[in-house]
Protein chains: 2
Amino acid sequence: MSEPKKRPTIRDVAKAAGVSVATVSRTLAGDYPVAAATRARIQRAVRDLDYVVNAHARALSGTTSKIVAIVVHDTTSPFFAHIASGVEQQATEAGRLCLVCTTHGDPDRELEIVKLMREQHADAVILVGGVFESEEYLERMSRYAHGLAEAGSKLVLCGRPSLGRDIPAITVEYDNTGGAFAATAHLLSHGHRRIAMLGGFAGLTTSEQRIQGYSDALTAYRVPVDPALVSHGELVRASGYERTSELLRQGTEFTAIFAGNDHVAAGALAALREAGKRVPEDVSVIGFDDTPFSEDLNPPLTTVHLPHQELGRTSVRMALQANGSSRQHVMLGTHIVVRDSVAAAPRPDSGRSRGRA
Amino acid sequence: MSEPKKRPTIRDVAKAAGVSVATVSRTLAGDYPVAAATRARIQRAVRDLDYVVNAHARALSGTTSKIVAIVVHDTTSPFFAHIASGVEQQATEAGRLCLVCTTHGDPDRELEIVKLMREQHADAVILVGGVFESEEYLERMSRYAHGLAEAGSKLVLCGRPSLGRDIPAITVEYDNTGGAFAATAHLLSHGHRRIAMLGGFAGLTTSEQRIQGYSDALTAYRVPVDPALVSHGELVRASGYERTSELLRQGTEFTAIFAGNDHVAAGALAALREAGKRVPEDVSVIGFDDTPFSEDLNPPLTTVHLPHQELGRTSVRMALQANGSSRQHVMLGTHIVVRDSVAAAPRPDSGRSRGRA
DNA sequence: ACGAGGACAGTAACCGCTTACACAAGTGTT
DNA sequence: AACACTTGTGTAAGCGGTTACTGTCCTCGT
């Protein structure tokens, strides 16, 4: 009793309009020539019956499912939220619907989801953010990726390193190396030579790339890389605070800090302030990510902007226009957002309160 | 040449296992008795062939689509992101996939999306956040809502007022009135009698409810409602700043502010500081929503917490367990998060810098 | 005047899965 | 021994579209 009347089908429309289902289908699809009068009658019938196509039936009979899936760690984090937003926008523009799943960073859950996605025959499956890639993970992911490819779904790795040569996927990521290079060069061009790098965990590709960019820039400026200035750790505020304090305590000499991300920079800022150092007069600080809060820090943080939304949009665009060999790699440029945390390096002799190694 | 091999179908599995498709289908569905040996052979075949069911075919043949759709203004705003997160979690727990769409607050776009959702035969369509409901909007929405109901989809209105009696929908919202009552009572119990209310737009149900709660509390404490203390406007930071400044400029007497939400409270805080007022010594401020940044404000903001995730989860739960008459209304409780922006009202004679009306 | 080709429309074969209905054994009952 | 179940499996009819293949007319060119 709860759902008495059945929804009308294409056949009902055909009958009401006095034509065949084929004609109705064609009229609705838009392409294909249909006489104006016939078309009008069909549209009339559609309206009268309140007809709505069944997406599943449509997807089943050969054509695409018109959906793109995005898999993120967590929808509430701004990083993922913005990428997801870009994906959603671009998907909408392309007439697609957007399926969202979360993994909470768990590789197993991610695999489970990708497996599930194969059932949906999504046009694209976009995996955002890295996870720990064990041997077993790689093996399973490879299998699923091939399954997706066979089913005609494009796999795209967004904001994370590509999985390897034998896995069919499109990779869309930031130019971390380039961004880190630019950040470091920005500091160098302000006269800094002793630049501390508060990097992410060793082993994580993203972290390594940023450290690589840092080294490259130093080398380009013929400044030796001092291991004492480079540290690895979690990219959270507490770690930035901790590592900066440690640097200060040890008396390691430095006039600038390149933080692995803005959270770390915020921590560094706090430690510096506590130690009586002024930013940017005594020490310059540059961040990475351009997280929303970075402009509210004290002082507003100069940082490397990552175009999150654009990354999402590009992922969808690439996937949807990819034909055949779907193994591409695109790298999105970054740019520095100059705010107030970087200034010229203090004159060595004015060394108001710098430690010595 | 790009997709040479076709994916195996249930028939391939049946053939490989030497059984009929019915048996395979039953084995995969889980229920229904199937001999252990047969089941094993089928699972073997599934593994060997790397068989994956086709969700569309499954959805088409009667059973549910196993997807729930959520429609929000914008995925990047924390408010929507947390509700969406709750929806996603609960949907996942219920073995559903989650489709996300954004309207950017545009009623037409919302209608367009709901219309689209009918094609998907989602188990539930969850509309989050209010929009301006014109006569035409209501009329179209009503039509679509009935369409959804006929197709067996539940419509739920989440965090927004219900649309009216003739529209079949489940409503899940916050107890705005109760929350506002509690916030105002909190201020009253601290001795405040002149409480400014920085409300949202008149006409928006949510805003009206909060103002209602405010009035009710005042009345309960036998404090007359002074229209000069109540203002309406957009619930953004600039508006809070503006309206507070105006209040100060006009010399309206008040010892506390109840802000329509935390953004407005942040603006009020800024205006107060600029005017040399101390919070909470001179003026107490209470917000609404418990937005993440509210604890980082200066001083940390006392505010009304709204259980966003829980709202999302409840929406899904209600929709999925609703049978038959799907017209329910549930209201989620709120609670005050006490931080540092509220203190006892200053003694009238200590009036260090209060204006007069 | 006649064949060619374009514009429309119809028939029916799928797409891949679920499930009502039918049927064959095996197990107790009486 | 005949009968009623219970179990396990098969057959085939949809679910609601799309589209390849055909078949009319009509209009033109020559």
Side-chain angles (χ1 to χ4, degrees), chain A residues 3 5-43 45-46 49-67 118-121 147 150-153, chain B residues 3 5-43 45-46 49-66 116 118-121 147 150-153:
Chain A
E3 295 132 39
K5 31 182 178 288
K6 274 246 123 306
R7 302 247 70 217
T9 74
I10 197 173
R11 272 168 252 270
D12 298 319
V13 175
K15 195 170 305 169
V19 297
S20 73
V21 293
T23 308
V24 176
S25 179
R26 286 167 187 144
T27 303
L28 266 28
D31 42 8
Y32 212 85
V34 174
T38 314
R39 155 164 288 136
R41 253 183 310 140
I42 291 176
Q43 284 167 343
V46 166
L49 273 54
D50 191 25
Y51 168 75
V52 177
V53 298
N54 181 321
H56 300 297
R58 177 174 282 180
L60 183 55
S61 41
T63 62
T64 127
S65 69
K66 295 290 185 197
I67 90 170
R118 299 204 289 162
E119 303 182 358
Q120 298 295 325
H121 289 244
E150 277 173 30
S153 304
Chain B
E3 295 132 38
K5 29 182 179 285
K6 273 247 126 299
R7 301 246 71 217
T9 75
I10 197 172
R11 267 169 259 272
D12 298 320
V13 175
K15 195 170 304 167
V19 297
S20 74
V21 294
T23 306
V24 176
S25 179
R26 286 165 187 144
T27 303
L28 265 28
D31 42 10
Y32 216 85
V34 174
T38 315
R39 155 162 290 134
R41 250 183 312 138
I42 291 176
Q43 282 167 343
V46 166
L49 271 55
D50 191 25
Y51 168 76
V52 177
V53 298
N54 181 322
H56 300 297
R58 177 173 281 181
L60 184 55
S61 44
T63 62
T64 129
S65 69
K66 294 290 184 198
L116 246 180
R118 301 204 287 163
E119 303 182 359
Q120 298 295 325
H121 290 243
E150 277 173 31
S153 303

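All chains are named by letter (A, B, ...) in the order of the sequence lines, taking the proteins before the strands, and each is independently numbered beginning at 1. What you see below is based on every heavy atom in this structure, not just the backbone, and it leaves out hydrogens, waters and symmetry mates.
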- Message: Within the 4.0 Å heavy-atom criterion, would you say B/Ser25 contacts the bases, only the backbone, or no part of the nucleic acid?
- Response: base
- Would you indicate which nucleotide in C/dC8, D/dT9, C/dT18 comes nearest to any side-chain atom of B/Ala35? D/dT9
- What nucleotide, of C/dG10, D/dG17, D/dT18, holds the atom closest to the side chain of A/Thr9? D/dG17
- Where the side chain of B/Thr38 is concerned, which of D/dT18, D/dT9, C/dG16 is the nearest nucleotide? D/dT9
- Which nucleotide in the list C/dG10, D/dG17, C/dT18 gets nearest to the side chain of A/Ala57? D/dG17
- Taking 4.0 angstrom as the limit, do B/Asp12 and B/Arg7 come out as a salt bridge? no
- With a 4.0 Å cut-off on heavy atoms, is B/Val13 in touch with a base, just the backbone sugar-phosphate, or nothing at all? nothing
- Message: Under 4.0 Å from OP1 or OP2 of D/dT18: is there any side-chain N or O of A/Ser61 that close?
- Response: no
- Task: Grab the CZ-P distance between A/Arg7 and D/dC15 for me, whole Å please.
- Result: 16 Å
- For C/dA9, take OP1 and OP2 only and decide whether either is under 4.0 Å from a side-chain N or O of A/Ser20. no
- B/Arg11 CZ - C/dC15 P separation (whole Å): 8 Å
- Specify the separation, in whole Å, of atom CD1 of A/Ile10 and atom C1' of C/dA13. 15 Å
- Under 4.0 angstrom, heavy atoms only, what part of the nucleic acid is B/Val19 near: base, sugar-phosphate, or nothing? sugar-phosphate
- Item | Spacing of B/Asn54 atom CG relative to C/dT18 atom P, expressed in whole Å | 10 Å
- Query: Roughly how many Å is it from NE2 in B/His56 to C1' in C/dC17, rounded to a whole number?
  - Reply: 13 Å
- Query: Which nucleotide in the list D/dT9, C/dA9, D/dT18 gets nearest to the side chain of A/Arg26?
  - Reply: C/dA9
- Message: Suppose we call a contact any N or O donor and acceptor under 3.5 Å apart; does that hold for the side chain of A/Arg58 and the base of D/dG16?
- Response: no
